[in-house]
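To start, the structure itself, in structure tokens.
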Amino acid sequence: MKKIGFIGLGTMGAPMAANLLKQGYEVSVYNRTTAKCEPLAALGAAIAATPGEAASGADTVITMVSDDASIAAVYEGPDGLLAGLKPGTAVIDCSTISPALVKRLAGLVGDLRGVFLDAPVTGSSPAAIDGSLVFMVGGKGDVLAKEMDIFECLGKKVLHMGENGTGAVAKLAHNTIVGINNLALAEGFSIAAKSGLPADRFLELVQLGSAGSKAAELKGRKIIEHDFTNQFSLALMLKDLKLASSLTDGASIPSPMLNLAKSLFQAGQTEGFGDEDLSSVVKIYEAWIGQKIGDRSN
């Protein structure tokens, strides 16, 4: 089986690496916070001291890092991934980063005679844990075909979007909808709560009616129960909306709903909700209406 270097063991990366180990792949892991490597070591992973060490000797390197600055450091730093890359290695970046950076990294990997796929995911931590992620992939089709065993271990669906950078564009367009949908859910809940409707019954209506969505399915109960344990953080949602806004600005694409969503998630970040689940943006609405969703004492 392939030797894999896995870099980035956060909310998504750690369970992805664990699934590869459980399927028998030989995995070397790296994370800036070394303690996050230890549960993977217990499953059989080797712990690399640097990204370059994780990449050296690997047939495939997977990166899952939070933002443009961090991913650039992982690839281009003094002990970065590129320093350890051998010719013929496939590099799969599952981060959500700017399309411009994706294209630059693809070029740098290509200069070292490697191959590159941008393959961001949809599906938050539960999907990473149970191996049901959906990948949107940019890059050459023949490269994707050779890496399908890895994608099938980690996800339920792989969608080839086109050349390098198209996976990143697809993810930003997708997460624009995610952000807007979650605000729509919060706003609808606020109308219902302020008018005295029972939150449970209202959520049932939403799920049965035309307003039904993944947002309602995944976040409705979290909102009612005020359970904002992190599946996908508000801070990362805001980061993605900022990247999407930069993309639309550069392409002269009108995006009024995106810009409003960015402003509201920014308000949530300013209020200190960044490390909570993105559904915590509902607390902005709760402050406006003066009560919690699900609280019928008001």
Side-chain angles (χ1 to χ4, degrees), residues 1-8 12-13 15-17 19-20 23-28 51 54-65 68 71-72 74-76 81-82 84-123 127-128 130-178 240 243-244 247 250-251 253:
M1 297 182 79
K2 293 171 181 170
K3 295 181 180 180
I4 299 173
F6 202 109
I7 300 169
M12 302 294 287
M16 292 168 69
N19 283 337
L20 292 167
Q23 290 300 313
Y25 288 96
E26 184 178 337
V27 182
S28 176
S56 64
D59 301 303
T60 302
V61 182
I62 301 171
T63 52
M64 181 56 122
V65 185
D68 280 31
I71 204 78
V74 160
Y75 278 71
E76 301 178 83
L81 181 161
L82 296 174
L85 200 67
K86 68 179 183 181
T89 304
V91 179
I92 303 172
D93 179 50
C94 297
S95 315
T96 302
I97 57 175
S98 66
L101 180 55
V102 163
K103 292 176 183 178
R104 182 161 68 83
L105 295 177
L108 292 171
V109 170
D111 290 343
L112 296 171
R113 293 186 291 159
V115 292
F116 185 90
L117 297 172
D118 49 296
V121 303
T122 183
D130 66 20
S132 62
L133 294 166
V134 175
F135 291 88
M136 54 216 85
V137 182
K140 293 183 178 178
D142 60 336
V143 176
L144 173 58
K146 290 177 182 177
E147 302 303 319
M148 278 300 295
D149 59 315
I150 291 175
F151 285 111
E152 289 171 352
C153 174
L154 300 174
K156 64 181 181 181
K157 187 73 175 179
V158 179
L159 298 169
H160 187 204
M161 308 307 294
E163 62 186 13
N164 282 133
T166 57
V169 171
K171 179 60 185 289
L172 296 180
H174 174 275
N175 274 18
T176 295
I177 299 171
V178 172
D240 292 355
L243 287 173
L247 177 65
I253 301 169

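Excluded from the calculations below are hydrogen atoms, water molecules and symmetry mates; all remaining heavy atoms, backbone and side chain alike, are included. Sequence positions, counted from 1, serve as the residue numbers for this chain.
With values rounded to the nearest 0.5 angstrom, T60 atom OG1 is found 12.0 Å from F6 atom CZ. Remark: T89 OG1 to I4 CD1 distance equals 12.0 Å, nearest 0.5 Å. Taken from CE in M64 to CE in M16, the straight-line distance is 4.5 Å, to the nearest 0.5 Å. Between T166 atom OG1 and M136 atom CE the span is 11.0 Å, to the nearest 0.5 Å. Remark: T63 OG1 to L81 CG distance equals 7.0 Å, nearest 0.5 Å. Taken to the nearest 0.5 Å, the CG atom of L117 stands 11.0 Å off from the CZ atom of F135.
The 12-atom threshold is exceeded at NZ of K86, counting heavy atoms of other residues, nucleotides or ligands nearer than 6.0 Å. Atom CD of E26 has 12 or fewer neighbouring heavy atoms from other residues, nucleotides or ligands inside a 6.0 Å radius. Applying the 6.0 Å contact sphere to NZ of K2 captures more than 12 heavy atoms from other residues, nucleotides or ligands.
Across D118 and G139, no two heavy atoms sit closer than the pair OD1-N, 4.3 Å. Between S95 and V65 the shortest heavy-atom distance is OG-N, 2.9 Å.
When each of D59, D149, N19 is checked for a side chain to side chain donor-acceptor pair (under 3.5 Å) with Y25, only D149 meets the rule.
Not counting sequence neighbours, K146 has no partner by the side-chain contact (heavy atoms from CB on, under 4.5 Å) test.
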